[in-house]
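Note that the coordinates shown come from a computational prediction; the quantities given were computed from them, not determined experimentally.
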Amino acid sequence: MKLSVNLIIVGICLSNITQLSGQTIAMDQLLDELKQVHPLFEKERLKVQINRQEQEGYLGAEDWNAITSVNFLREKPVIALSSPERTDAFSMAGGVQRAFWKTGGRLSVSLSSSYANIEIDPIYQFPSSFYQNEFAVTYTHPLLKNRGGFLDRLQYDLKQFDIDFSEVQAVENQEDFLAMVAGKYLDWVLLTEQKQIIQDRLKLSEGELVRTKEKREANLINQVDVLRAEDAVRIARQNQVLVKSRWNALQSELAILSMNSDIFEVGPEFDLDIFVQLMTFEEASTYLNGNSRLLRALNVRLDQLKYVRRGYEETLKPDLSLITQLNTKQLDENLGDSFKMSKTDAFVGLQFSVPLENRTAKSQIAQSDLQTNQLKKELLDLRLTLTSTLINIYIQIEEMEEVLRLNKEQIESAKVRTEEELKLYNQGRGDLTFVIQSQDSEQNAKLTYAVNAVTYHKLIIAYRSLLDQLLGS
């Protein structure tokens, strides 16, 4: 019981735990609590957030980048005939540049400043030192390849498909978890029914044992009847202990999963007798093919492959870019005058390059086409698998409803038979063995009904999970 005590202490410390008003907990209430407190749900949500943050990281490619450089040069020619005997130069440059995803263009702005000291023959009448400053603006705009910035934002756009896929996968994992817990809850319901059936059977056996001993004392029956009645009591008690231990174990498991210590004090509340109204198979099949998360996830990957192929096709285009530059500069012996930068230059040109073969991109396109065809086959395979699974579950549900009706008839028949066997035995015209057999038959009929009813409702859970209706909104 140490585990139970620890869980109760933990449960008291936990926040946002729904307090149970009665002595039972319904399956929907348990599943709702799990959605609020179980770490799996937050873990799956974090997967999506991680992918979103990774996508945000690609936006850094559009940030402004600062570039600076500092250089010093001392140069002495090997033979100083018409060139300076020595040149000392110092230069600094700085600027910013940025890519624009909407256009695919590149803009750079730079400012450079330099100083040079030249030792030169005086006959040339050139200044021995001077300063130069230059300010330049350059813009390159793609006209074919990467027009509109498609290649620049390709990785960012592709990451959105990963985000969409992770969202679908996260919800699917959450629903699979709820379906697993719902199955455990129904097992708990079955054990609860078994506990009650065995308890009723034990009371009957104990009552029969008392009556058998009274008849033996009156010398109306043989001692073997007493021994048979005692065996029936022992078997019932053994079954009671076994079912109780399994019931307690499952209760503890659900308490830990839901992080709710109150479950240690309650039992399940579920009506096994209800039947669920289903859509027709045609309606369910249409709904499945239009709403299945698994199909949606594959469609996301298919769209992603198509987008990747567009990227490969873009790299096959020739690179034709318009280049424009405007700069203003000034060279002067005086530092202050060199900043006037009155000399202006303008440049406009086209730059063209084309890959002669580009075998890499062509191979990537061929590979993408093969992967697309493979994924389409996988999508068709999944549709067939889902539809075949649906018809399997659907038929089982419909047939199980008829089985349950027959089980109820069997229970009623077993009750009547037990009553008749008791009458005969009390009148001294029957055998205790037949009474015990009839009571066992009645118990087994109830157990069979409970097992089949739980199987029916597990099929309903599987049906709802297959149609992605278990998790809800």
Quick one: do the Gln199 and Gln240 side chains pair a donor with an acceptor below 3.5 Å?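 Note: Gln199 and Gln240 side chains meet the donor-acceptor criterion.
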
Flag the pair Arg234 and Asp231 as a salt bridge only when some basic side-chain nitrogen lies within less than 4.0 angstrom of an acidic carboxylate oxygen. yes

Could you tell me whether the side chains of Asn407 and Thr448 share a donor-acceptor contact shorter than 3.5 Å?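 The answer is no; no qualifying pair exists.
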
Salt bridge (Lys or Arg N to Asp or Glu O under 4.0 Å), paired with Glu175, selected from Lys35, Arg464, Arg293: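 The salt bridge (Lys or Arg N to Asp or Glu O under 4.0 Å) with Glu175 is passed solely by Arg293 among Lys35, Arg464, Arg293.
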
Would you check if there is a donor-acceptor pair between the side chains of Asp162 and Gln304 at a distance under 3.5 Å?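 A pair is found: one side chain offers a donor N or O, the other an acceptor, under 3.5 Å apart.
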
Glu269 side chain to Thr24 side chain, donor-acceptor N/O pair below 3.5 angstrom: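 A donor-acceptor contact under 3.5 Å links the two side chains.
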
Is the closest side-chain heavy-atom distance between Gln36 and Asp32 below 4.5 Å?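 Of all side-chain heavy-atom pairs linking Asp32 with Gln36, none is under 4.5 Å.
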
With distance as the sole test, does Arg153 use its side chain to make a donor-acceptor pair with the main-chain N or O of Gly148 at under 3.5 Å?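 Answer holds: yes.
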
Passing option when Asp152 is tested against Arg98, Arg106, Lys102, Arg147 for salt bridge (Lys or Arg N to Asp or Glu O under 4.0 Å): Arg106

Side-chain donor-acceptor contact under 3.5 Å, Asn173 with Gln169: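 The criterion, which ignores hydrogens and geometry beyond distance, is not satisfied for Gln169 and Asn173.
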
Is a side-chain donor or acceptor of Ser363 paired with a backbone partner of Arg359 at a separation under 3.5 angstrom?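 Side chain of Ser363 to backbone of Arg359: no pair is present.
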
Taking Asn146 for the side chain and Pro142 for the main chain, is one N or O donor matched with an acceptor at less than 3.5 Å? no

What I'd like to find out is whether the side chain of Tyr287 reaches to under 4.5 Å of the side chain of Gln469, using heavy atoms alone.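 Contact flag for Tyr287/Gln469 side chains = yes.
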
Is the side chain of Ser413 donor-acceptor paired with the backbone N or O of Glu409 at a distance under 3.5 Å, no angle test? no

Strictly below 4.0 Å, N to O, side chains only: are Arg310 and Glu313 in salt-bridge contact? no

Between the main-chain N or O of Asn248 and the side-chain N or O of Ser252, is there a donor-acceptor pair closer than 3.5 Å?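 Here the side-chain-to-backbone pair exists.
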
Say whether, by atom type as modelled, one donor and one acceptor occur between the side chain of Ser205 and the main chain of Arg201 under 3.5 angstrom. yes

Asp225 and Arg216, any side-chain heavy atoms less than 4.5 Å apart: no

Can you confirm whether Lys145 sits close enough to Leu320 that some side-chain heavy atom of one is under 4.5 Å from a side-chain heavy atom of the other? no

Will you find, in the side chains of Arg52 and Gln55, an N or O donor that is under 3.5 Å from an N or O acceptor? no

Is a donor on one side and an acceptor on the other found under 3.5 Å between the side chain of Thr387 and the backbone of Leu384? no

Exercise: do Asp319 and Ser321 side chains pair donor with acceptor under 3.5 Å: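 Their side chains do contain a donor-acceptor pair, which is all the 3.5 Å distance test asks for.
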
Salt bridge between Lys203 and Glu206, side-chain N to carboxylate O under 4.0 Å? no

Side-chain contact, heavy-atom cut-off 4.5 Å: Trp101 with Tyr156? yes

Is a donor on one side and an acceptor on the other found under 3.5 Å between the side chain of Asn299 and the backbone of Leu295?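 Answer holds: yes.
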
Within the distance-only criterion (no hydrogens, no angle test), does the side chain of Glu44 pair as donor or acceptor with the backbone N or O of Phe41 below 3.5 angstrom? no

Distance flag, aromatic centroids of Tyr449 and Tyr456, threshold under 6.0 Å: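 No, the ring of Tyr456 stays outside the 6.0 Å limit from the ring of Tyr449, centre to centre.
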
Show me the pairs that pass side-chain hydrogen bond (donor to acceptor under 3.5 Å, both in side chains) and involve residues 58-70, at least two apart or across chains. none

Leu386 pairs by side-chain contact (heavy atoms from CB on, under 4.5 Å) with which of Asp381, Leu467, Asn289, Leu288?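 Of all the options given, the one that passes is Leu288.
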
Charged N-O contact under 4.0 Å between Asp187 and Lys458: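 Here Asp187 pairs with Lys458 in a salt bridge, since their nearest N and O are under 4.0 Å apart.
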
Under a 4.0 Å threshold between the charged nitrogen and the carboxylate oxygen, would Arg45 count as salt-bridged to Glu42?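 Counted as a salt bridge, because a side-chain N and a carboxylate O are separated by less than 4.0 Å.
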
Do Arg309 and Asp369 sit within salt-bridge range, that is, some charged N less than 4.0 Å from a carboxylate O?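 Yes.
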
Using atom types as modelled and distance alone, determine if a side-chain donor or acceptor of Gln251 lies under 3.5 Å from a backbone N or O of Phe264.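 The answer is yes, because a donor-acceptor pair under 3.5 Å joins these two groups.
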
